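Written out below as structure tokens is the structure these notes cover.
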There are 2 protein chains.
Amino acid sequence: MDKPLSPLARRIRDGGYKLTNARLIVLQVIEESHGHITSADIVERVAELDESIGRASVFRTLDMLTRLNIVRPSYIEGSQSPQYVLLHEGHHHHIVCTNCHQTIEFHDCGLDKMTLALQQQYNVEITGHLLEFYGLCENCKPT
Amino acid sequence: MDKPLSPLARRIRDGGYKLTNARLIVLQVIEESHGHITSADIVERVAELDESIGRASVFRTLDMLTRLNIVRPSYIEGSQSPQYVLLHEGHHHHIVCTNCHQTIEFHDCGLDKMTLALQQQYNVEITGHLLEFYGLCENCKPT
DNA sequence: TTAGATGCAAATAGTTTGCATTTGT
DNA sequence: ACAAATGCAAACTATTTGCATCTAA
């Protein structure tokens with residue numbers, strides 16, 4: 001078949017991984033979620049979309065996506081299963097309410113300069129970052 | 001008894017929680033670790049220090065410390081158990097090598113202005129943040 | 001004194017593994 | 001064709017819960 005390969009699908013293939021049905025479905029679920037979803041929810045939604053995909057493949061795919069820097073596990077929400085966050089161009093930023101767990105995403109984190117500075121200072125190669133602010137949202141704020 | 005209460009111990013008590021032996025030991029373990037340690041390692045080290053403390057209390061304490069913004073769970077390392085990171089004055093920053101998992105901590109993240117800006121823009125009250133860069137460290141970098 | 005914390009052990013998630021079978025390339 | 005990936009189910013780990021007991025304040 002020759003479907004119009006999404007950019008992320010392309011990155012999977014370019015990473016040397018096969019484009020399997022299980023992987024495409026997992027990818028779709030994460031994208032549909034607008035980039036914030038727990039592993040538990042991914043497992044559930046994948047099962048809805050394609051009953052035949054095993055749990056294990058979902059986890060294997062999440063590992064792969066993390067390795068490829070497409071996604072990043074993060075500890076929003078009380079605890080339990082981690083949230084996977086879609087990295088747009090290698091980064092992601094949000095504010096999490098420590099009370100109701102609402103998350104607000106924002107862009108333009110202005111960390112480009114810092115990235116360059118760190119690369120020089122520590123002689124590393126930085127490929128992305130995750131910036132998480134926490135506090136109380138509008139509704140949970142004291143007065 | 002009247003030991004010289006560490007600043008963090010004080011925050012626990014000020015948070016309305018009792019200062020129990022289990023809590024103090026967990027706190028000590030986290031501090032000893034220089035602020036980067038997995039829950040599994042905490043459980044293990046606590047058992048070494050005081051055989052009588054139960055696993056459950058360790059997790060209960062970690063939840064409490066997270067609620068108090070003293071510590072923050074983060075998904076460094078492949079996966080398994082999360083790392084708990086000590087927040088100094090509400091924030092923490094590091095670079096994690098996605099290959100060997102070495103972490104480099106740095107200070108002075110310069111996000112104060114951004115914090116203020118976000119508080120205004122979204123009408124929230126921000127109490128801290130976690131900034132995680134990832135990429136390849138000096139040793140893992142291609143040439 | 002007494003509400004809050006604890007330790008224990010059992011119950012629950014959540015995640016990983018081994019392996020025969022299937023599938024992309 | 002064949003290495004890579006899969007699904008399954010069983011094995012593991014990690015974390016949580018209920019409850020009788022204990023303890024800091």
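Since this is a predicted model, take the numbers as computed values, not measurements. Labels below follow one simple rule: chain letters A, B, ... track the order of the sequence lines, proteins then strands, and each chain is numbered from 1.
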Measure from NZ or CZ of A:Arg23 to the centre of the six-membered ring of A:Tyr17 and say whether it is under 6.0 Å with the direction within 45° of the ring axis.
->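 Here A:Arg23 fails the 6.0 Å and 45° test against A:Tyr17.
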Counting only side-chain heavy atoms from C-beta out, which of [options] sits nearest to [X]?
X       : options               : answer
A:Ser52 : C:dT23, D:dT15, D:dG7 : D:dG7
A:Ala22 : D:dA5, D:dT6, C:dT6   : D:dT6
B:Lys18 : D:dA4, D:dT6, D:dT23  : D:dT23

With heavy atoms under 4.0 Å as the rule, sort B:Ala56 into base, sugar-phosphate or nothing.
-> base
Quick one: [X] [atom1] to [N] [atom2], roughly how many Å, whole number?
X       : N      : atom1 : atom2 : answer
B:Leu62 : D:dT15 : CG    : P     : 9 Å
A:Asp14 : C:dT25 : CG    : C1'   : 14 Å
A:Tyr17 : C:dT23 : OH    : C1'   : 18 Å
A:Ile53 : C:dT15 : CD1   : P     : 18 Å
A:Arg13 : C:dG24 : CZ    : C1'   : 11 Å
A:Asn21 : C:dT23 : CG    : P     : 10 Å
A:Asp41 : C:dG14 : CG    : C1'   : 13 Å
B:Leu24 : D:dT23 : CG    : P     : 14 Å

Does a donor on one side chain sit under 3.5 Å from an acceptor on the other, for A:His92 and A:His129?
->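 Short answer, no.
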Cut-off 3.5 Å, side chains only: do A:His36 and A:His94 have a donor facing an acceptor?
->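 On atom types as modelled, these side chains qualify, holding a pair under 3.5 Å.
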Of B:Thr20 and A:Phe59, whose closest DNA chain C nucleotide lies nearer the 5' terminus?
->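 Of the two residues, B:Thr20 wins.
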Toward the 5' end of DNA chain C, which comes first, B:Glu51 or B:Gly16, by nearest nucleotide?
->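 Taking each residue's closest nucleotide, the earlier one in sequence belongs to B:Gly16.
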Using only side-chain N and O atoms of A:Ser39, determine if any of them is under 4.0 Å from OP1 or OP2 of C:dT15.
-> yes
Of B:Arg60 and A:Arg55, whose nearest nucleotide on DNA chain D comes first from the 5' end?
-> A:Arg55
Are A:Met64 and A:Leu27 connected in a single hydrophobic cluster, I mean Ile/Leu/Val/Met/Phe/Trp/Tyr linked by side-chain heavy atoms less than 4.5 Å apart?
-> yes
Does some side-chain heavy atom of A:Ile30 sit less than 4.5 Å from a side-chain heavy atom of A:Leu65?
->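 Result yes, sub-4.5 Å side-chain heavy-atom pair found.
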